[in-house]
Amino acid sequence: FTGNDPVSDAMFDALEESLISADVGVATTMTIVEDMRARAKAEKIVDPQQLYQLLKDEMVLMFGETAPSVEWRNEDGPHVLLIAGVNGSGKTTTAGKIAFKLANQGRSVLLGAADTFRAAAGEQLGIWAERANVGMIRHKEGADPGAVAYDTVDAAIARNTDNVIIDTAGRLHTKVNLMEELKKVQRVVDKRLPGAPHEVLLILDATTGQNGLQQASQFTDALAVTGIALTKLDGTAKGGMAIAIYKQLGIPIKLIGVGEGVDDLQPFDARQFVDALFA
Amino acid sequence: SLAKRLDSVFKSIRGQGRLTEANMRDALQQIRTALLEADVNYQVVKKFIADVQEAAVGAKVLDSVHPGQQIVKIVHDELVTIMGEKNAPLTRSQKPPTVIMLVGLQGQGKTTSAGKLAVHLKKSGHKTLLVGADVYRPAAIKQLEIVAQQADAEMFSLGEHADPVETCLMAMGEASLRGCDTIVLDTAGRLHVDDDMMLEARQIADQLNPHEILFVANAMTGQDAVNSARQFHEALPLTGVVLTQMDGDARGGAAISLIEVTGCPVKFVGVGEKLDALEPFHPERMANQILG
Ligand SMILES: Nc1nc2c(ncn2[C@@H]2O[C@H](COP(=O)(O)OP(=O)(O)OP(=O)(O)O)[C@@H](O)[C@H]2O)c(=O)[nH]1
Ligand SMILES: Nc1nc2c(ncn2[C@@H]2O[C@H](COP(=O)(O)OP(=O)(O)OP(=O)(O)O)[C@@H](O)[C@H]2O)c(=O)[nH]1
Ligand SMILES: [Mg+2]
Ligand SMILES: [Mg+2]
């Protein structure tokens with residue numbers, strides 16, 4: 001490139017800054033910028049606007065043309081959704097929002113309060129159960145989370161419930177014993193209903209930096225995460241680490257949280273996400 | 001780690017004579033990458049690198065025998081200087097009660113930190129009143145009630161149909177009644193871009209005149225730390241930061257961003273979910289963690 005080339009070094013610096021500032025992460029950003037440099041050269045692109053559009057289209061394609069399914073039906077028994085993630089990411093709120101959405105679609109829903117540790121966790125989920133007008137299984141504080149999960153699936157089978165949503169306690173992926181506890185919850189659920197949980201949602205706070213990749217990697221090693229719900233996108237954080245997670249681990253974003261109310265849950269839309277990233 | 005990276009940059013130089021401007025550029029690039037990987041904000045890194053470059057020129061690193069080690073020391077020392085070389089204690093009011101207000105985005109650890117502060121203050125003989133000013137989050141007040149019990153602290157709220165400002169105002173009288181010399185106001189998580197909620201926070205601060213307004217943020221926060229911190233700082237006279245979930249494996253570069261943007265020290269770090277998991281902030285240790 002020469003100094004008077006509009007698609008200049010300054011433009012690639014600006015691209016690097018917007019990607020890093022969106023929490024896309026250093027390694028992924030470097031890859032993207034290098035790819036774009038090569039393409040600009042190969043395709044003799046001279047207009048920065050054109051290059052940005054190319055990148056955006058490419059990112060949307062990467063996520064896939066069709067939005068991932070959140071139908072959550074199971075033909076032979078309740079569909080079981082397990083919710084996990086680090087502390088404060090929005091698990092309980094997301095569980096409540098999903099319950100509300102499914103109940104409004106006419107499904108029967110049962111919530112499982114498997115966070116038996118944190119202060120007022122059961123009460124908090126209980127209020128969401130009321131808002132969604134759905135049932136909830138809860139044991140007393142300090143009870144075994146596996147037992148709650150088991151009882152919830154068991155009750156759902158007995159009652160012919162369409163959807164089970166199990167909320168778990170926040171835990172750092174670095175805490176081995178807590179990750180083991182989570183694996184046990186999954187095993188127990190599978191034991192009661194082979195094949196369950198049918199969906200394992202990792203709840204990821206959009207303000208999280210590159211540690212999000214570590215979280216996704218460790219939680220998926222433990223549980224085979226099938227999807228991500230990216231929360232707090234109503235703030236100014238872009239949630240760019242979801243791109244690194246998809247590129248490196250292949251885990252799709254299925255839902256986004258855009259507020260604290262019952263309706264503040266949306267299916268993931270790649271085009272909207274990518275446009276917002278560069279806004 | 002940064003030390004290893006710089007080592008490999010300078011290994012290729014050793015025996016080739018003097019360190020050059022070009023090698024210096026490589027070293028600065030490695031430092032920049034290390035800080036960005038640690039989630040330090042992009043603009044903050046830019047300024048930091050310029051400062052390191054200046055310090056390196058001043059320290060005549062180009063004439064040094066061990067340029068790699070010298071640069072690591074310059075970077076480490078610059079980080080420690082930014083973060084405030086020693087621990088900053090909590091302000092106490094001359095005339096009780098001391099009022100501490102906790103603010104921050106959703107889910108960062110405010111309510112838990114309120115309990116931790118009560119436990120911490122109890123060790124030096126202070127009696128704390130925890131105030132439930134979060135009327136929005138389901139069971140928030142119940143959560144603080146339980147936290148207060150676990151911390152063996154007093155707790156006050158007007159319930160979740162009350163006005164948060166009024167709750168905080170009434171807490172002042174309540175503290176005297178119950179012989180508490182410290183009040184911790186646990187406020188609702190709020191977005192810096194939510195005007196109504198930021199106005200509420202300002203009203204609480206205006207009416208209560210807290211001796212400490214602590215911004216509570218998660219150590220895994222990424223680039224957005226500067227945005228939220230900046231707007232909270234513009235809205236409220238912040239006096240300090242509490243960095244939570246430091247028991248994880250996040251590099252914690254947000255600490256630099258928060259300190260730079262608010263001009264406030266990190267007063268405490270949260271290192272676990274239990275109420276005894278609060279430690280004073282150690283700039284030296286944080287610098288090592290950030291550099292990986
Ligand atoms: N603005 C905003 N706030 C959210 C969103 N999702 C959750 N929150 C808030 O984030 C805070 C934490 O939410 P919780 O649902 O308690 O998070 P959690 O992961 O269950 O927390 P733990 O169980 O303690 O680990 C609450 O104040 C929620 O209202 C979102 O999409 N947008
Ligand atoms: N591992 C770890 N977890 C923490 C720490 N501090 C808080 N938590 C956990 O983080 C989650 C959120 O804590 P809260 O105290 O409810 O956060 P908050 O800021 O009051 O949340 P909102 O009121 O909804 O804004 C809980 O699961 C806490 O147990 C910490 O230092 N380490
Ligand atoms: Mg929860
Ligand atoms: Mg709280």
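Residue numbers begin at 1 in each chain, while the letters A, B, ... track the order of the sequences.
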Pick one of side chain, backbone, both or neither for A:K175, based on which atoms fall under 4.5 Å of a heavy atom in chain B. side chain
At a 4.5 Å cut-off on heavy atoms, which part of A:E123 comes close to chain B: side chain, backbone, both, or neither? both
Look at B:H192, B:Q143, B:K142, B:Q150 and state which one has the largest set of heavy-atom pairs under 4.5 Å with chain A. B:Q143
Part of B:L105 lying under 4.5 Å from any heavy atom of chain A: side chain
Need one label for B:L36: side chain, backbone, both or neither, based on atoms under 4.5 Å from any heavy atom in chain A. both
Counting heavy-atom pairs under 4.5 Å with chain A, which one of B:K46, B:Q245, B:Q149 comes out on top? B:Q245
Is it true that the side chains of B:T111 and B:D186 contain a donor and an acceptor less than 3.5 Å apart? yes
Residue among A:G25, A:A119, A:G88 with most heavy-atom pairs under 4.5 Å to chain B: A:A119
Given heavy-atom pairs under 4.5 angstrom as the criterion, report whether the side chain, backbone, both or neither of B:Q108 touches chain A. side chain
Between B:F48 and B:E260, is there a side-chain heavy-atom distance shorter than 4.5 Å? no
Which portion of B:R190 sits near chain A, non-hydrogen atoms under 4.5 angstrom: neither
Could you label the plane-to-plane angle of the A:F273 and A:F63 rings as parallel, tilted or perpendicular, counting under 30° as parallel and over 60° as perpendicular? perpendicular
Is the ring pair B:H120/B:F268 parallel, tilted or perpendicular, if the boundaries are 30 and 60 degrees? perpendicular
Please verify the inter-ring angle class for A:F219 with A:H173; under 30° counts as parallel, over 60° as perpendicular, anything in between as tilted. tilted
Top contributor to chain B interface from A:A120, A:A22, A:S89 [non-hydrogen pairs under 4.5 Å]: A:A120
Before you tell me yes or no, could you show the steps for B:I141 and B:D134 under side-chain contact (heavy atoms from CB on, under 4.5 Å), namely the whole-Å CA-CA distance, both residues' side-chain angles and the distance that decides it to 0.1 Å? CA-CA 7 Å; B:I141 291 180; B:D134 180 354; 5.7 Å; no
Just verifying a value: how many Å separate A:D205 CG and A:N87 CG, rounded to the nearest 0.5 Å? 11.5 Å
Pick one of side chain, backbone, both or neither for B:R251, based on which atoms fall under 4.5 Å of a heavy atom in chain A. neither
Identify which of A:E16, A:M241, A:Q215 forms the greatest number of heavy-atom pairs closer than 4.5 Å to chain B. A:E16
Given A:Q210, A:M30, A:K232, the one with more heavy-atom pairs under 4.5 angstrom with chain B than any other is A:Q210
Let me know if A:D234 has heavy atoms under 4.5 Å from chain B in its side chain, its backbone, both or neither. both
Rounded to the nearest 0.5 Å, what separation is found between the CG atom of B:D249 and the CG atom of A:N211? 5.0 Å
Quick one: does NZ or CZ of A:R131 land under 6.0 Å from the six-membered ring centre of A:F100, within 45 degrees of the ring axis? no
Which bit of B:N41 is near chain A, if near means a heavy-atom gap under 4.5 Å: side chain, backbone, both or neither? neither
Trace of the side-chain contact (heavy atoms from CB on, under 4.5 Å) decision for A:L111 with A:V134: CA-CA 7 Å; A:L111 282 164; A:V134 303; 3.8 Å; yes
Is A:E17 close to chain B through its backbone or its side chain, or both, or neither, when contacts mean heavy atoms under 4.5 Å? both
